[in-house]
Amino acid sequence: MAAQAAIGVSPAPAEATDRQKIRAIVAASSGNLVEWYDFYAYAFTSIYFASAFFPSSSPTGQLLATAGIFAVGFFMRPLGGWIFGRIADRRGRKSSMVFSVLLMCAGSLMIGILPTYETIGVLAPVLLLVARLAQGLSVGGEYGTAATYMSEIAGKGRRGFLSSFQYVTLIGGQLLAVLVVFALQHMLSAEEMRAWGWRVPFLLGAAAAIVAMMLRGSLKESASHETMKSKEAGSLRALMQHKRALLITLAFTMGGSLYFYTMTTYMQKFLVNTVKLDLKTVSTVMTLALVVFMLLQPVFGALSDRIGRRNNMILFSGLATLGAVPLLSSLSLVTSPWAAFGLILTGLVIGSFYTSISGVVKAELFPAEIRALGVGLPYAIANALFGGTAEYVALSFKTYGNEGLFYWYVAAMAAVAFAASLWMPDTRKYGYLDGNGRMSD
C-alpha cells in the first residue's frame, strides 16, 4: 500500500467476479440509457408542447424558446460535472450515480405533469426551465461518474470492451426516445399529441429512472475507503496538479464531441437542409446508421484492449482530421439515400475509435481520488462549448453562405485531438487504473 501511495495510485477494492462485473455494468449503463433517453425526449417532443408553454403567433418563435431551454441544459453540464464528480470522489461512485438518476427522474416527472401557460401563466415556462436545469445537472454528472465506475469495475484486460457499453446506452437512449415518439405519432392524432401525448415519453422516462435507481442501489462500490477519505478527494486544487491529463481530456472532448454531434444529431438536419432528402427518408437512414453505430461500440472497445487506448485515439483523430472535409463535402452532393447511408456509416466507424473508449481513456489519466471529477468536469466544459454548439455553428456558416468552413472547423478540432493523442502516454504502462505509475505533467 505504501508503494501505491508513493506513485499516486489508491488501492482498489477486491476484484469482482465476471458475473458481478456484468451485473454492475448493466446496472450502471441502465441509468445512462435512461438519462440520455430523457434528455433527447425533450428535443423530439418540443414541436408538440412548444405552444403549451410559449403562447405566440409565431410557431418559429415558440420553437426557438423551447430550443433555448434545451441549450441551457448543455451549459448546466459543467456544474453537474463538478458537483457529482466531487460527490463520487468523496462519497462514492454509487451514491453519485443514484443521486444523478434521481435528479433526472425528478426533472422528467416535473415536465410530464407541468400545467400549461393557459393554466398558470408565466410560471409554466419558468418551471419548465427549472426542470431542464435539473436534467442538465444530472446529465453533466452522469458521464464522469458512470465512466469512472465502469472503468474501475471492469478490471484489466477487458476494460475497453466492458466500458464501451456507456456509449451503447447513450446511443440506445437516443434511439429509444425516437422509437417512443414514433410509436405515439402512429397511435395518436396530431391534436392528441399536442394536447397530452407529448407528456407520455417523460412519464415513461421517470418510471424507468426509478427502476435504474433501484438497480444502482444494489451496486458494489468501486472506490476504496482510503480513496474517499483522502484529503485530495474531489478537490479542484488537486485536480489542477494534473494539467497534462486535464488538457488531454479537454482536447479529446473538443474533437470527439464535435465530431459525434456532427455525425449524429446535426446530421439529420444536414440531410434535410443541404442534401435535400425528405424527412421520412432521413429518419430511416439515420435510425439504421445509429443502430449499426451502437453495435460497433463493443467491437472497437475490445480492439482498444488489444492495441491500447492511445492507438485508438491516434486512429480516430488522424482519420477524422483527414476525412471530415471529404466526407461532409461528398455527403452534401449525394442524391441517393444509400450513398448517404454509406458515407454516414463511414464517418461513424471513424468515430467509434473514440466513442467506444470515451470514458475509459480519460479515467486512466487520473488517480482515484479525483478520477470522477477529472473525467467529468473537463468533459462537461468542452462538450458544452463544442458538442452542444455544433448545430448552431454549422447553421451559422450555412446562413452566411460558407457551409464548407464548418467542415474545416470539424477537421481542425480533430487535429487538436490528434496532437493530444500524440502527447498522451501509453496508459498500459503509465495509466492509473492498473497502478503502473504516475504520469508526468
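All values below come from the heavy atoms of this structure, side chains included, with hydrogens, waters and symmetry mates left out.
Enclosure of atom CZ in F99 is not indicated, since only 12 or fewer non-hydrogen atoms of other residues, nucleotides or ligands lie within 6.0 angstrom.
Atom OG1 of residue T281 and atom CE of residue M286 lie 13.5 Å apart, to the nearest 0.5 angstrom.
In this pair, F406 and F397 present their aromatic rings tilted. The plane angle is within the 30 to 60° band.
Proximity of L348 to I344: side-chain heavy atoms (C-beta onward) are separated by under 4.5 Å at one or more points. In this structure, the side chains of R310 and S421 stay at 4.5 Å or more apart for every pair of heavy atoms.
For F366, there are no ring-ring contact (aromatic ring centres under 6.0 Å, His included) partners at least two apart in sequence or on another chain.
Ring to ring, F260 and Y167 are close: their centroids are under 6.0 angstrom apart. Between F316 and Y354, the ring centre distance stays below 6.0 Å. A ring-centre distance under 6.0 Å is not found for Y266 and Y261.
Applying the salt bridge (charged side-chain N to carboxylate O under 4.0 Å, His left out) rule to pairs touching residues 192-209 yields E191-R194, sequence neighbours excluded. Sequence neighbours left out, the pairs with a member in residues 174-200 that pass ring pair (Phe, Tyr, Trp, His ring centres under 6.0 Å) are F49-W198, F53-W198, F182-H186.
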Full working for side chain to side chain donor-acceptor pair (under 3.5 Å) between T253 and N383: CA-CA 6 Å; T253 308; N383 186 259; over 6 Å; no
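For the pair G301 and S304, the tightest heavy-atom approach, listed with the atom from each and the gap, is O-OG, 2.6 Å.
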